[in-house]
Amino acid sequence: MNNLTLNVKILMLVIIGLLSLSTLIFFLIKRNNPSQNFTELWLRIRSWWVMIAILFLAISSSVKIAIIFFAFISFLALKEYLSLIPTRRSDRRVLFWAYLAIPIQYYLVSIHWYIMFLVFIPVYMFLLLPFRMVLIGDTRGFLHSLGTIYWGLMITVFALSHLAYLLVLDPLKNPHGGGAGLVLYLIFLTQFNDIAQYISGKLLGKHKIIPLVSPNKTVEGFIGGMIATVTLTILVSPYLTPLNFGQSILVGFIIAGFGFVGDVTISAIKRDFGVKDTSNFIPGHGGILDRLDSLTYTAPIFFHVLSYFYY
Amino acid sequence: MNDSVKANYSYKINKVLRYTFFALIVKPLMYIIIGLNIRNSHLRLNSGPAIIVANHNSHLDTLALMSIFPLTVIKNIHPVAASDYFLSNKPLAWFSQSIIGIIPLNRNLTTFNDPFADIVEALRQNKIIILFPEGSRGIPEKLDKFKTGIAHLAKRCPEVPVLPVFLHGFGKALPKGEALLVPFFCDIFLGEKFFWTGNKNSFMDKLEDSMLNLARAGNFTAWE
């Protein structure tokens with residue numbers, strides 16, 4: 001707990017408070033509607049408690065443990081992705097190399113080797129994977145296979161590892177929040193945006209925004225979520241980040257906008273394979289990628305905006 | 001059950017090692033490295049006698065089936081395994097018998113001995129047995145024709161429930177002939193238990209039907 005600043009601890013308490021409030025409201029609604037079935041909603045809330053408990057435990061223990069935790073999340077996400085997409089029998093050994101990229105990428109995070117962290121997957125894994133496939137020699141569906149494996153590695157390992165790199169950024173440049181503050185800030189705002197878009201869509205939604213991919217998403221939901229997220233970003237940024245007022249507005253728009261893009265990108269993949277959820281790993285939520293979809297976009301983009309201004 | 005059984009197999013289980021192996025290696029391997037999606041877990045039978053019947057693609061199948069049970073139940077589970085393969089050399093025989101707790105089955109039916117005697121005796125002692133009626137692992141992730149030995153066994157033990165289980169993904173993670181394990185989420189579909197139907201053909205039809213239904217429920221694409 002000693003590596004966390006006071007502001008981070010306060011945000012943790014706020015999150016626990018919000019979740020307690022939702023749990024309380026859930027029980028009140030359930031008591032007033034005894035005939036309705038609330039199993040799914042209850043599983044959803046219970047899983048939120050579990051996920052938040054694990055996340056808080058990981059970031060409050062030590063930077064090293066938090067990095068291992070994010071590496072494990074990448075492992076679960078990559079495994080889920082590779083279990084979802086069709087892979088060829090001959091790709092088994094290529095997939096093994098893809099998995100090996102996880103410990104290497106997160107090791108690069110832990111030793112703060114910034115340039116290598118940025119190029120290891122986009123350059124070296126990019127060149128290595130097709131080479132390994134050539135050695136196996138199955139050319140039928142070669143490019144298709146290579147493309148799907150590589151894309152999965154980028155989304156589940158490269159993109160998500162930016163969360164871990166936030167932890168090792170120079171804490172002196174962010175005395176109020178530190179690395180853990182940046183991580184919690186980004187995850188909190190990204191998840192808040194998901195929920196805000198969902199709620200404003202339910203309340204005001206009329207015009208479908210991207211009906212071919214995600215028929216439940218509306219323009220009103222997107223804009224409502226964006227207004228709420230930008231407002232919250234402006235309020236929270238001074239306590240957890242070095243961002244000034246203008247930069248906070250920009251980051252708010254980025255989280256809301258690219259969170260949406262990440263969400264619908266994973267939706268498009270699910271539609272491609274005709275599944276509703278990427279797996280049923282998290283009861284009430286679906287798969288790991290269902291939960292992390294927005295973060296796969298907001299994590300790298302927030303990271304680079306932040307490092308452009310400050311690091 | 002038929003009383004004219006001459007069971008002669010004596011178990012060589014090392015209880016401590018077996019418990020440790022499942023608690024510290026198999027369960028973490030299955031739930032963390034591989035990841036199991038257990039569908040219809042409420043259909044699991046926690047006490048014997050019972051015959052678990054599953055399709056077979058990988059050496060992981062037996063370990064996966066056992067790991068869905070609590071450790072207190074695992075001690076009561078015995079997979080039926082071909083003696084010509086699993087007892088073929090000393091280290092493998094030791095591992096199969098002391099750690100996994102197999103009941104060896106002679107696949108070569110030219111002998112006059114009763115091939116099911118040991119299994120029937122195990123069921124009489126309220127044990128849960130695991131049987132792979134495809135006979136061998138075969139081509140990974142492809143369902144082969146079931147051999148009818150299971151029908152003969154069910155006929156001799158008509159009061160013992162048969163639990164069909166469909167496994168998916170283990171053949172991708174560790175197919176026959178490969179030593180390198182590649183993690184994939186794997187699925188275990190539990191079916192409704194049923195009993196000996198009164199004749200061999202209807203029993204085999206029922207078993208194959210329930211397997212195909214479980215396989216279809218996953219809506220998996222073929223692994224090419």
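None of these values were measured; they are calculated from a predicted model. Every chain is numbered from 1, with letters handed out A, B, ... down the list of sequences.
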Indicate yes or no: at least one non-hydrogen side-chain atom of [X] is less than 4.5 angstrom from one of [Y].
X: A/Phe72; Y: B/Ile32; answer: yes
X: A/Phe281; Y: B/Asn37; answer: no
X: A/Phe96; Y: B/Pro183; answer: no
X: A/Arg93; Y: B/Val182; answer: no

* Structure fact -> Okay, B/Leu174 and chain A: the region with an atom under 4.5 Å from a heavy atom over there is backbone
* Structure fact -> Under 4.5 Å to a heavy atom of chain A? For B/Ile34 that would be backbone
* Salt-bridge contact B/Glu178-A/Arg89 (side-chain N to carboxylate O under 4.0 Å) -> no
Just wondering, are more than 12 heavy atoms of other shown residues or ligands nearer than 6.0 Å to [atom1] in [X]?
X: A/Trp113; atom1: CH2; value: no
X: B/Lys200; atom1: NZ; value: no
X: A/Trp42; atom1: CH2; value: yes
X: B/Tyr19; atom1: OH; value: no
X: A/Tyr107; atom1: OH; value: no
X: B/Lys12; atom1: NZ; value: yes
X: B/Phe21; atom1: CZ; value: yes
X: B/Phe194; atom1: CZ; value: yes

* Under 4.5 Å from any heavy atom of chain B - which part of A/Ser279 -> neither
* Asked: Within 45 degrees of the axis of the six-membered ring of B/Phe185 and under 6.0 Å from its centre: does A/Lys79 put its NZ or CZ there?
  -> yes
* Asked: Closest approach of B/Lys172 and A/Ser83, non-hydrogen atoms and distance?
  -> NZ-O, 4.5 Å
* CZ on A/Arg92 to CZ on B/Phe184, rounded to 0.5 Å -> 7.0 Å
* Asked: Could you give the distance from CG (B/Asp187) to CG (A/Asn280), rounded to the nearest 0.5 Å?
  -> 7.5 Å
